[in-house]
Amino acid sequence: MTDVIRERIADKGDAARPRRLPDGWWVLVLLAAAVLLFAALPFGRLVLAAVAPGGAFDLAPALAEIGGRTALRATWHSLETGVVSAFLALALGTGMALALTLTDVRGKRVIAFCFLLSMMIAPQVVALAYFTLAGPSSPLLNAFGLAPPPGSDNPLMSREGIIAVLALHHAPLVFVTMRAGLRTVPADLAEAALVAGARPLRVLRTVILPLLRPYFVASAALAFVAAVGNFGIPALLGVPVNYLTLPTLIYRRMVSFGPSVIADAAALSVLVAFIAGSGVLLGAWMLGGRSARFSRGRAIGVVWSLKRRALVEAVLWLVVAVVLALPLTALLASALVPSYGVPLSWATATLDNFVEVLVRQDVTVRAFRNSFLFALAASVLLALGAVPLAYALDRRSGRFRGALELVLEIPYALPGVVLAIACILLFLKPLPLIGVSIYGTPFIILFAYMARFLPVALKAPGAAVAQLPVELEEAARACGAGFSRRLRSIVLPIVLPAAMAGGLMVFLIAFNELTVSALLWSSGTETIGVALFSLEEAGFASPAAAVALTAVVAVAVIMGLLDVSARRLPPGILPWRE
């Protein structure tokens, strides 16, 4: 009886004492704030503007806009370019992944690096490169007398041209996904079939490819989503011939005038989000649990010693030439002539275009400075927050981890034009409580960059935290170290190199970004993508080529820095390395 009374008194005493917050509570608060601010609020505001344009629930305006003739045509254009280019990208990317993983070709790392460099180049730069390569005024083709007849149409300014460029640009995305799938195939299966007398081609057909079926679907879905959300390629190759896709139609709506501009753009953005989101969910569903099921044992390696290895290597380098070398050579040829259409020769070659855009023109100089500052600020801020956010996702989110990661992926998975509209709607009015508006300021672009590229910044530190032994933290905790000290002295030194790599990846992608900034820029906040798009629209192809080539060099340098630091990073972070 006495023991019971003592227990009750002790319970009352414990209840009377104030409860302490759980250890490391602030990282969960930071994670919740990131999810709310960068994903839930913008896209919640977007959906609200589509279904309640006047403040009251009314689907009629949204349905009228989506069901209009122009929107239906743009939807069909998005679907046909997305589907066809996805299957072409699937064929090319899968072939590259199989050749560089299963065969004994030489120079795999260099070929993979060059192939993936083409994906890191901004879509508008890719479109401009192929445009200058294929047209009758191509300086490169004219230098060799191979240009089409003067006055003929550029073959790439068409539906077929858009599909071809989209497929070439997104084939490296398929390559990354398929090579990740090949890493999950156990080497034992292929080796057993080879020992039993099966030829490599039969092993590929009966053992390896059946295990990769989910990755085929996921790769095609990812390429489709990337094509549906692509703005730069359809804008440069389709808008001049009035071939509009949904992103370019949204851009036209936003630069036009009228009382229903915002509501119409929001309705179209929700439609794009639905189409792209369906592809994202399909890819995620097909890949769900595959690594856990097949990744036991040693990953598959070379199973095919080629008899005609030189021929296969020549084909691989030809692909690299088509996706990277030829378009960049065309850009260089266009940038070195006084004006587009002049044949390149020793007499016509000049560096005036580079001097013009990098020194004389205030707009392009400001665009380079703005892109550098926006990309740098976003990468630094995301790198600083990546360590506690990755730790919170891996160690503190529990059963909600999958849902939180899915919500954080929304701004990156969906087209950039959708995020831009969401940011406009969210910040069009002054912020509550403080009464300050960031619409029309550089901060709205910075916010959009941080929201869009947060998943990129979390990938590398997330992998590093997952490999961090829990015993290190438990030992420090047993010695009396608090959470902040454990995070600072144990987690941060180990995860910091990966966080810096994630920041460099963010800088790499944000430096050439166009889709988001195309709708968010204002006078004085132009970015490289906006300047390039404006120069091309105005007909200044040679200065635009100089801008594009300079941006490509910057991307290649950053990728080289990442490659040099690869030994300090968790495996699988850099997609061009095994």
Side-chain angles (χ1 to χ4, degrees), residues 85 88-101 103-148 154-156 160-176 178-179 223 232-233 236-237 306 308-337 343-344 512 545-546 548-557 559-560 563 575-577:
S85 68
L88 293 176
L90 180 65
L92 180 58
T94 301
M96 293 291 289
L98 293 175
L100 294 180
T101 304
T103 70
D104 60 345
V105 295
R106 295 162 294 187
K108 292 183 179 182
R109 179 176 162 189
V110 178
I111 295 173
F113 182 91
C114 294
F115 190 58
L116 288 175
L117 176 59
S118 66
M119 181 181 69
M120 296 298 180
I121 299 172
Q124 66 273 15
V125 175
V126 174
L128 179 63
Y130 283 107
F131 172 82
T132 58
L133 173 65
S137 300
S138 169
L140 182 63
L141 295 183
N142 278 308
F144 295 96
L146 300 176
N154 191 311
L156 292 183
E160 292 75 15
I162 294 173
I163 290 173
V165 177
L166 285 173
L168 291 174
H169 186 56
H170 296 142
L173 182 64
V174 174
F175 168 78
V176 172
M178 292 304 299
R179 195 154 75 158
I233 294 174
L236 266 69
L237 301 181
L306 299 172
R308 298 182 178 180
R309 186 171 61 178
L311 178 61
V312 175
E313 290 171 352
V315 172
L316 294 177
W317 282 110
L318 178 62
V319 172
V320 170
V322 171
V323 300
L324 184 65
L326 278 178
L328 292 186
T329 304
L331 276 182
L332 179 61
S334 181
L336 290 178
V337 295
L344 179 64
N512 278 325
L549 200 59
T550 305
V552 170
V553 172
V555 169
V557 170
M559 287 183 64
D563 191 73
W576 59 86
R577 295 179 67 100

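Counting begins at 1 with the first residue of the sequence.
Residue Ala167 comes nearest to Ala89 through the heavy atom pair O-CB, 3.6 Å, listed as atom of the first residue, atom of the second, then distance. Nearest heavy-atom pair, Leu324 versus Cys114, reported as atom, atom and distance to 0.1 Å: CD2-O, 3.4 Å. Heavy-atom minimum distance, Pro172 versus Ser118: CG-OG, 3.5 Å. The shortest non-hydrogen separation linking Lys108 to Leu100 is CD-O, 3.1 Å. Contact record, Ala134 with Asn154: CB-OD1, 4.0 Å, taken as the closest heavy-atom pair. Across Ala99 and Val105, no two heavy atoms sit closer than the pair O-CG2, 3.8 Å.
Annotation: the span from Ile162 atom CD1 to Glu160 atom CD amounts to 9.0 Å, rounded to 0.5 Å. Summarising the geometry, atom CG belonging to Leu156 is positioned 12.0 Å from atom CD1 belonging to Ile163; distances are rounded to the nearest 0.5 Å. Remark: Leu133 CG to Leu328 CG distance equals 10.5 Å, nearest 0.5 Å. Phe175 CZ to Leu90 CG: the interatomic distance, rounded to the nearest 0.5 Å, is 14.0 Å.
Within the 3.5 Å criterion, the main-chain N or O of Thr101 finds no donor-acceptor partner in the side chain of Arg179. Side-chain N or O atoms of Glu313 include one that pairs as donor or acceptor with a backbone N or O of Arg106 at under 3.5 Å. Remark: side-chain polar atoms of Ser334 are not paired, donor with acceptor, to backbone N or O of Leu331 under 3.5 angstrom. Side-chain atoms of Thr132 come within 3.5 Å of backbone atoms of Leu128 as a donor-acceptor pair (strictly under, hydrogens ignored). Judged by distance alone, the side chain of Gln124 and the main-chain N or O of Asn512 form a donor-acceptor pair under 3.5 Å. With hydrogens and angles ignored, the 3.5 Å screen pairs no side-chain donor or acceptor of His169 with any backbone N or O of Val165.
For the pair Leu168 and Tyr130, the minimum side-chain heavy-atom distance is below 4.5 Å. Looking only at side-chain heavy atoms (C-beta outward), Phe115 and Val176 stay at 4.5 Å or farther from each other. Residues Met96 and Val174 fail the side-chain proximity criterion, which asks for heavy atoms closer than 4.5 Å.
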